[in-house]
> 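The structure's right below; bear with me while I get my questions together.
Below, chains carry the letters A, B, ... as their sequence lines are ordered, and counting in each starts from 1.
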There are 2 protein chains.
Amino acid sequence: MTTTTQRSERRADALSKERIVAAAIQILDSGGEKALTFRALAARLATGAGAIYWHVADKNELLAAATDDIIARAMAEAADSEQPRETIRAAALTVFDVIDAHPWVGAQLAEEPWQPAVLRILEGFGGPLTALGVPEKAQFDCATALLNYVSGLAAQYAAAARLQGRETSRTALLANVAARWTALDPAEYPFVHRVAARLADHDDREQFLAGIDLILTGIEAVR
Amino acid sequence: MTTTTQRSERRADALSKERIVAAAIQILDSGGEKALTFRALAARLATGAGAIYWHVADKNELLAAATDDIIARAMAEAADSEQPRETIRAAALTVFDVIDAHPWVGAQLAEEPWQPAVLRILEGFGGPLTALGVPEKAQFDCATALLNYVSGLAAQYAAAARLQGRETSRTALLANVAARWTALDPAEYPFVHRVAARLADHDDREQFLAGIDLILTGIEAVR
DNA sequence: ACCTGAACACCGTTCAAGT
DNA sequence: ACCTGAACACCGTTCAAGT
């Protein structure tokens, strides 16, 4: 009893995994992946770098915890429809919006495919498949196809954020890439040269959803 | 004329971007991403770390060059069919086999979506779409859907290779993950819990192709 | 023009020492 | 039990100095 009392009487701003993760998210959101160092995190928490290791095993665990925090909150709020197809679309759009708002989450999802956050997403894709009429045997392939697609987009967004740094916007970056595509030899890269214009003025969210719909159409054909 | 003569008379093992990239690929293939440092590379080339910077701008350029070297060779050999669907499948399987053999290529493809190697892959997916009857407007979405799916798988393979290190095999790793999935609360993760068995004994290449086929079926429905 | 290798500016992580 | 902060073992990159 004495020890528990002693424990609860510690100063209010004592370190905890939750406080560390919250501070990490703030740093990641404002400065990107590059900004999160143990030194920066310790400075923000007004402590030493080593103190963090008492609550968190290493940087991997810290990033996984930060990612799960954001994904868990978002997936819990994802719209639930009576139509399984709509439920899957809503889950996908939820992940898209999270990645768009926190590109570092995208990097983490792609880099650590077996972390808890990914399981939540996989559950969001796989859960409605039975109601969609997909036979049991095909469900794993269908859910991972959606997951791979989303992971690929996540990686792409993370790369864009890394290139942007702080100065350019995503649209400016894509316009830049599109210009380089247009300058390619049309004989060697006919397709890329031809679709370069679309890269510059497409809507990211609509394009993302178009890909989800392609896969969903393929999935519905499996029934 | 004197200068050009002088240039060609340098010792046969003079540094060049090609030699540097070739050495980098050897290190990456035998030791993984982690093993490629400028110090290790310089040691293998029997030179100083700074010398490499005369031929290569930085580590990004080095990795992009190594990746393009491997992807260009592989894509050039990809089977070309009269049936556009088969051509796309062959391109996808070519990329799969490359990633399977060189997981670090997977990491690089996912991390740098605007590097030359990715353009070759995008060309392989987009080129046959016209013959497949996909309207011009939809081709960009279709090709990038395939690309995102492949990038997601690439990231997943790269992560597996990172976790494996050197001791465990990929199948052992997946069996391990599957065991953790089985141990999950079936109430919270019903789907993941249910498909855990499939993760352990599925065929990676077949599963990959199943996802490609889902997307292709969706694409054919766009016609 | 090309190469050398020490030095710089950073990392993540550890650990003896404190409270 | 929890925190401090210097120290360690690495990185990528730079640059004065050589040939």
> Take atom CG of A/Leu41 and atom P of D/dC3, then tell me their distance rounded to the nearest Å.
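It is 13 Å, rounded to the nearest whole Å.
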
> With heavy-atom distances below 4.5 Å as the criterion, would you say the side chains of A/Asp204 and A/Arg170 are in contact?
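Contact flag for A/Asp204/A/Arg170 side chains = yes.
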
> Could you check whether the rings of A/Phe208 and A/Tyr149 sit parallel, tilted or perpendicular, using 30° and 60° as the cut-offs?
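Taking A/Tyr149 first and then A/Phe208, their aromatic rings lie parallel (interplane angle under 30°).
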
> Could you check, using the six-membered ring where one of them is a Trp, whether B/Phe38 and B/Tyr53 have ring centers closer than 6.0 angstrom?
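Centroid distance B/Phe38-B/Tyr53: below 6.0 Å, so yes.
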
> Would you call the rings of A/Tyr157 and A/Phe96 parallel, tilted or perpendicular, taking 30° and 60° as the class edges?
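Aromatic pair A/Tyr157/A/Phe96 classed perpendicular.
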
> Please state whether the phosphate of D/dC3, meaning OP1 or OP2, lies under 4.0 angstrom from any side-chain nitrogen or oxygen of A/Trp54.
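No, because none of the side-chain N or O atoms of A/Trp54 sits under 4.0 Å from OP1 or OP2 of D/dC3.
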
> What stems, by residue range, does DNA chain C take part in, given at least 3 consecutive Watson-Crick or G-U pairs under 3.5 Å?
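The stems that DNA chain C takes part in, listed by first number, are C:4-8 with D:12-16, C:12-16 with D:4-8.
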
> Atom CG of B/Leu15 and atom P of C/dC3: how far apart are they, to the nearest Å?
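After rounding, the reported distance stands at 5 Å.
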
> side-chain contact (heavy atoms from CB on, under 4.5 Å) with A/Asp203: which residues, sequence neighbours excluded?
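Applying side-chain contact (heavy atoms from CB on, under 4.5 Å) to A/Asp203 gives A/Arg205, A/Glu206.
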
> Report yes if the side chains of A/Glu112 and B/Arg162 come closer than 4.5 Å at any heavy-atom pair, otherwise no.
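Contact flag for A/Glu112/B/Arg162 side chains = yes.
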
> With a 4.5 Å heavy-atom cut-off, do B/Arg194 and A/Gln139 have their side chains touching?
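When only atoms from C-beta onward are counted, A/Gln139 and B/Arg194 do touch, with a gap below 4.5 Å.
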
> Give me the atom names and distance for the closest heavy-atom approach of A/Leu36 to A/Lys59.
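A/Leu36 and A/Lys59 have their closest heavy atoms at O-NZ, 2.8 Å.
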
> Classify every nucleotide of nucleotides 6-19 of chain C by which part a protein heavy atom approaches to under 4.0 Å, writing B for the base, S for the sugar-phosphate alone and - for neither, in 5'-to-3' order.
-B---BBBBB----

